[in-house]
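Just so it is clear, the structure is predicted and the values come from calculations on it, not from any experiment. Just so it is clear: chains get the letters A, B, ... in the order the sequence lines come, proteins before strands, and each one is counted from 1.
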Amino acid sequence: MKLTVWTYEGPPHVGAMRVATAMKGLHYVLHAPQGDTYADLLFTMIERRNHRPPVSYTTFEGRDLGTDTASIFRETCRDAYDRYQPQAMIVGASCTAELIQDDPGGLAEAMDIPVPVVALELPSYQRKENFGSDETFYQIVRALAQPMERTQEITANLIGPLALGFRHRDDIEEVKGLLYEMGIGVNVVAPFDATPEDIAKLGQAHFNVLMYPEHAETAARHLERTCSQPYTKTVPIGVGATHDFVAEVAQICAVEPKKDLSRLRQPWWSKSVDSTYLTGKRVFLFGDATHVKTAARIARDEMGFEVVGLGCYNREFARDIRKLAKDYGVEALITDDYLEVEKAIEDLAPEMILGTQMERHIGKRLGIPCAVISAPVHVQDFPARYSPQMGWEGANVIFDTWIHPLVMGLEEHLLHMFREDFEFHDEAGASHHGGHAPKPIAEAPAPEPVAAQPEAPVETGGDVMVWLADAERELKKIPFFVRGKAKRNTEKFAAERGVSEISIDTLYEAKAHFAR
Amino acid sequence: MNQPTNISGATCRDAPILKERGQREVFCGLTGIIWLHRKMQDAFFLVVGSRTCAHLLQSAAGVMIFAEPRFGTAVLEEGDLAGMADAHEELDREVDRLLSRRPDIKQLFLVGSCPSEVIKLDLHRAAERLTVKHAPHVRVLNYSGSGIETTFTQGEDACLASMVPVLPETDERELLLVGALPDVVEDQAVDLLTKMGIGPIRVLPAHRSAEAPGVGPNTVYACLQPFLGDTSAALDRRGARMIQAPFPFGEEGTTLWLRAIADEFGVDDETFAHVTDAPRARARTAIANAAKALQGKTIFFMPDSQLEIPLARFLTRECGMEAIEIGQPYIHKGLVGPDMDLIPAGPTISEGQDVDKQLDRVRAARPDLTVCGLGLANPLEAEGLTTKWAIELVFTPVHFYEQAGDLAGLFSRPVRRRELLKLEAAE
């Protein structure tokens with residue numbers, strides 16, 4: 001038993017719903033009690049889908065438990081087939097139905113439904129949402145796809161994009177464009193907008209583009225084994241990764257790595273002098289493994305940030321992320337407990353967070369700017385405009401998205417110089433944000449956890465290090481967006497030298513020590 | 001003047017009820033925690049359930065409230081399902097940890113879920129054991145918010161009902177208002193009744209456990225919400241007596257509700273008029289403004305919050321709408337009977353749900369406005385139907401005179417919006 005407040009992932013049947021809802025012509029019969037239909041609103045409200053997820057819930061009640069829940073399942077299955085006439089069905093149980101052991105797969109098999117019925121075994125008390133999506137897509141592919149004659153021209157399947165994914169809709173277009181420039185066509189995109197008939201044609205492609213390992217790696221391996229289709233290992237998020245992706249595809253297909261870079265602006269935007277202020281900004285990364293991996297490379301190599309911490313919530317990729325963390329000289333945080341993530345962020349005091357909707361809230365609480373890089377995301381992360389993460393346009397979008405939460409370069413300088421101006425002071429936040437509202441300094445709440453005790457020295461953490469009152473006052477004169485770094489550096493400096501009282505001198509000695 | 005307009009002919013109370021069984025597009029009772037945990041400021045709600053329960057609470061909350069919420073889910077894992085003794089030990093450990101981290105908690109609710117009910121985890125026994133262990137600082141109660149036992153707002157009923165047996169005994173003649181309303185609305189109700197000379201007035205649930213009302217044979221109570229059947233039965237068992245009335249939605253509903261209480265306490269017509277005339281007039285004006293867009297329009301209620309029948313009464317009688325179907329998850333005539341008396345027979349009254357069949361009826365009737373859950377609203381909008389999501393009705397102050405215009409506005413806004421948007425070429 002584990003106490004949970006907010007979760008990064010739902011139960012595995014929600015992963016199955018993400019596959020089913022992304023597809024067309026597929027229907028999911030879910031053995032589940034009343035209330036589990038809440039999951040529909042994730043798709044209709046958060047993603048603004050204009051149709052109901054293709055899911056029929058058996059909706060058994062307490063009074064049915066003593067009698068025959070299996071016949072309720074059969075009835076629901078029959079009604080769903082008759083009403084929706086799908087090309088294929090998937091059947092399974094939610095957490096409660098798993099306990100009553102009706103065996104939906106066996107029941108459905110005995111019903112002679114005239115279309116393929118794929119049974120899902122998703123252990124709700126062990127696994128989570130991403131397992132559910134990966135396993136469901138794999139089972140569908142395993143049941144429907146077979147080795148086939150290849151298409152005449154070179155084609156690829158794009159696999160992994162699904163419902164409620166972070167920018168999946170637009171990533172598909174970018175990847176199609178990258179392939180098109182090399183003269184490679186697209187055979188099937190799946191699960192996004194694919195029908196079961198499309199899945200049956202997966203074997204025609206020459207190779208698979210594995211867009212999101214979280215959702216389709218098992219299927220990619222299966223297709224490699226059964227249909228001899230290689231799959232790409234590079235996820236094209238970021239300038240460097242997109243170049244590598246093109247090279248990888250060119251090698252798989254033995255074609256020229258042709259690229260149209262005319263719309264790629266990120267490198268110049270990053271080189272231009274206005275971006276100098278981004279240098280060495282301390283960032284913390286958290287999300288699903290794929291997005292964190294790609295974001296780490298962008299942050300360090302393409303933005304010039306310093307990655308001070310990173311981690312992921314999906315344990316399936318823990319080994320990858322630990323290896324990545326080693327390369328970046330940091331400790332990996334593998335957890336699905338947002339309180340642990342919050343604690344790590346608080347301790348590291350980064351200048352920016354790149355995370356999920358959880359980290360956005362953590363950032364809000366701690367006064368640290370945050371940009372979203374990964375699911376789970378909320379309604380505002382499903383924009384109407386074209387906004388991919390992958391490919392050349394994705395690189396442009398990421399540059400804009402990541403710098404938006406920050407205070408602009410020149411403004412930083414002005415805040416250093418005039419930080420006590422009554423209208424333009426550092427408590428007011430970045431001036432290009434809608435919420436920017438200059439408040440009189442006296443009323444502005446201190447964003448730092450340092451308690452305002454004017455004369456008494458303030459203890460920090462569990463050790464005996466104290467900030468002398470004048471040093472603490474001096475610290476408060478440092479603008480908010482670098483104050484966390486200054487505080488942390490000073491304490492680190494003091495600890496290394498065994499200094500237990502931090503004075504103004506300690507503060508400036510630390511500043512000189514860490515100057516770059 | 002304060003009596004309901006007599007309805008000649010048959011009313012909805014006697015109309016046949018279409019009972020359906022099938023897929024239900026409603027939340028389970030756990031959802032009530034979202035508002036209950038804000039209302040009861042020293043209470044913590046610990047759901048004993050699965051990852052699905054935690055995910056539901058997070059999703060139903062819509063936006064996550066990151067001021068540390070006073071609820072959480074003890075997620076059952078493979079090991080807990082193997083042996084029961086184990087699960088109780090695990091629960092005790094989680095509760096100890098929680099209470100040591102949150103010393104401000106005075107009431108802890110162990111909330112049962114579908115999985116905990118199916119594995120027959122005895123939370124009542126756990127609550128008794130934990131109450132003894134943590135007495136006198138914390139009282140531990142339990143109720144079920146599971147989907148196999150409760151729908152959406154029934155969770156609040158189950159919660160309040162679990163509190164009734166442990167309320168202190170009193171012989172005082174007191175008025176007890178039952179139901180968790182936003183503070184602003186609760187204060188208005190208390191203020192109106194106090195001005196009529198009625199008192200003392202107590203409220204269940206109280207903000208803090210120390211303010212818990214007493215109950216006894218001289219207690220009379222009025223429900224603020226139409227889904228408190230079990231709570232009402234529990235109060236009756238303690239000797240209290242219910243004042244029956246239509247629910248306080250709209251000018252008429254509020255007046256009838258107040259009048260029923262005023263009659264119980266012997267308030268004369270003059271005093272009643274003195275207290276209510278001005279707010280009644282304000283409510284009428286406000287409703288009239290919002291109702292312009294609703295006059296003559298048809299409405300279809302999918303079952304959701306249990307407010308459907310009282311709201312249909314308000315919308316048909318005060319806003320000029322015509323109800324096609326009024327669906328409720330379940331119909332308790334002991335609570336909504338007085339509202340049903342005021343709706344002339346005509347609309348289909350349905351109980352339970354088979355969502356596919358009901359959607360067929362919606363599509364056939366093409367109502368001007370469909371009240372439904374969040375899972376159905378956008379799909380219906382995409383079919384060209386105008387919808388009002390029902391969950392807003394329990395998250396918005398809508399009771400009593402000063403909110404009557406807002407209540408009408410919740411329904412008129414989607415209708416006005418559809419008329420307002422011009423998304424085609426100008427021609």
Side-chain angles (χ1 to χ4, degrees), chain A residues 1-7 9-14 32-46 48-53 56-65 75-76 79-80 83 94-100 123-126 128-129 357-358 361-362 364-365 378-379, chain B residues 21-31 46 48-52 54-56 58-60 62-64 66 68-69 71-81 87 90-91 93-94 97-98 113-115 117-119 146-149 151 353 355-356 373-379 381-382:
Chain A
M1 211 175 271
K2 186 169 177 357
L3 186 65
T4 303
V5 183
W6 307 118
T7 67
E9 291 181 78
H13 73 261
V14 167
Q34 164 172 273
D36 283 4
T37 51
Y38 81 86
D40 285 359
L41 78 86
L42 302 170
F43 302 93
T44 61
M45 296 304 289
I46 295 178
R48 298 181 208 254
R49 286 201 172 244
N50 63 3
H51 62 86
R52 287 168 64 208
S56 292
Y57 303 78
T58 55
T59 317
F60 56 84
E61 293 175 59
R63 62 167 183 257
D64 301 320
L65 289 178
E75 210 176 290
T76 309
D79 287 352
R83 179 176 282 267
S94 78
C95 53
T96 306
E98 186 183 331
L99 297 171
I100 58 178
S124 308
Y125 298 91
Q126 294 168 27
K128 290 176 284 185
E129 183 175 333
Q357 61 173 346
M358 312 291 179
H361 286 280
I362 292 169
K364 207 160 73 183
R365 214 175 72 73
H378 218 292
V379 62
Chain B
R21 196 230 162 274
Q23 177 172 328
R24 289 186 169 202
E25 198 72 24
V26 289
F27 291 134
C28 63
L30 295 180
T31 325
L46 181 62
V48 182
S50 65
R51 179 164 295 280
T52 314
H55 198 235
L56 158 91
Q58 160 169 336
S59 311
V63 282
M64 296 190 294
F66 256 69
E68 182 160 340
F71 64 79
T73 307
V75 174
L76 294 163
E77 290 164 332
E78 200 67 11
D80 304 306
L81 303 173
E90 296 262 310
L91 181 61
R93 191 197 62 215
E94 287 303 328
R97 195 178 289 170
L98 171 72
S113 66
C114 299
E117 305 255 319
V118 168
I119 64 169
S146 82
I148 58 177
E149 301 291 342
T151 108
Q353 191 175 33
V355 73
D356 285 313
L374 294 173
L376 298 172
N378 268 335
E381 292 279 349

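- Under 4.0 Å is where a charged nitrogen must lie from a carboxylate oxygen, and between Asp80(B) and Lys2(A) no such pair does.
- Between Asp36(A) and Arg24(B) there is no salt bridge, since no side-chain nitrogen of the basic residue lies less than 4.0 Å from a carboxylate oxygen of the acidic one.
- Only the side chain of Val14(A) comes within contact range of chain B, with heavy atoms under 4.5 Å apart.
- Smallest separation of non-hydrogen atoms from Gly375(B) and Asp40(A): CA-CB, 4.0 Å.
- Between Pro379(B) and His51(A) the shortest heavy-atom distance is CG-C, 3.5 Å.
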**Asked** Where do Leu42(A) and His55(B) land on the side-chain contact (heavy atoms from CB on, under 4.5 Å) test, with the steps shown first?
**Response** CA-CA 10 Å; Leu42(A) 302 170; His55(B) 198 235; 3.5 Å; yes

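- Among Arg48(A), Lys128(A), Arg49(A), the residue with the largest count of heavy-atom pairs under 4.5 Å with chain B is Lys128(A).
- For chain B, the nearby part of Leu65(A) is the side chain; its heavy atoms alone come within less than 4.5 Å.
- Looking at Arg83(A), only its side chain comes within 4.5 Å of chain B, counting heavy atoms on both sides.
- Heavy atoms closer than 4.5 Å to chain B are found in the side chain of Glu129(A), but not in its backbone.
- Contact check for Ile100(A) versus Val118(B): side-chain heavy atoms found under the 4.5 Å cut-off.
- Using a 4.5 Å cut-off between heavy atoms, Glu94(B) touches chain A through its side chain atoms alone.
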Are Tyr125(A) and Glu78(B) close enough, and set up right, to give a side-chain contact (heavy atoms from CB on, under 4.5 Å), and what steps lead you there?
CA-CA 5 Å; Tyr125(A) 298 91; Glu78(B) 200 67 11; 3.5 Å; yes

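- Contact annotation for Leu91(B): both backbone and side-chain heavy atoms come within less than 4.5 Å of a heavy atom of chain A.
- At a 4.5 Å heavy-atom cutoff, the contact between Thr151(B) and chain A is made by backbone and side-chain atoms alike.
- The backbone N or O of Trp6(A) lies less than 3.5 Å from no partner atom in the side chain of Gln58(B), so there is not a single donor-acceptor pair.
- Val5(A) and Pro69(B) make their closest contact through CG1-CG, 3.4 Å (heavy atoms, listed as atom of the first residue, atom of the second, distance).
- Neither the backbone nor the side chain of Asp79(A) comes within less than 4.5 Å of any heavy atom of chain B.
- Between Arg52(A) and Asp356(B), the closest side-chain pair of non-hydrogen atoms falls below 4.5 Å.
- Residues Cys28(B) and Gln34(A) come closest through the heavy atom pair CB-O, 4.0 Å.
- The closest side-chain heavy-atom distance from Ser94(A) to Thr52(B) is not below 4.5 Å.
- Highest contact tally toward chain A, considering only Gly72(B), Cys114(B), Gly373(B), Gly29(B), is held by Cys114(B) [criterion: heavy-atom pairs under 4.5 Å].
- Nearest approach of Ala54(B) to Thr4(A), heavy atoms of both residues: CB-CG2, 4.4 Å.
- The backbone N or O of Asn50(A) lies less than 3.5 Å from no partner atom in the side chain of Asn378(B), so there is not a single donor-acceptor pair.
- Note that the CZ atom of Arg21(B) and the CZ atom of Phe60(A) stand 10.0 Å from one another [nearest 0.5 Å].
- Proximity of Val355(B) to Thr37(A): side-chain heavy atoms (C-beta onward) are nowhere separated by under 4.5 Å.
- Formation of a donor-acceptor pair under 3.5 Å by the Gln23(B) side chain with backbone atoms of Tyr57(A) is found in this model.
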*Leu99(A) and Leu81(B): CA distance, side-chain angles, deciding distance, side-chain contact (heavy atoms from CB on, under 4.5 Å) verdict*: CA-CA 9 Å; Leu99(A) 297 171; Leu81(B) 303 173; 3.9 Å; yes

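- Within the 4.5 Å cutoff, no side-chain heavy atoms of Ser124(A) are placed close to those of Arg51(B).
- Using a 4.5 Å cut-off between heavy atoms, Thr7(A) touches chain B through backbone and side chain atoms alike.
- The two atoms that bring Thr96(A) and Pro115(B) nearest to each other are OG1-CD, 3.6 Å, heavy atoms only.
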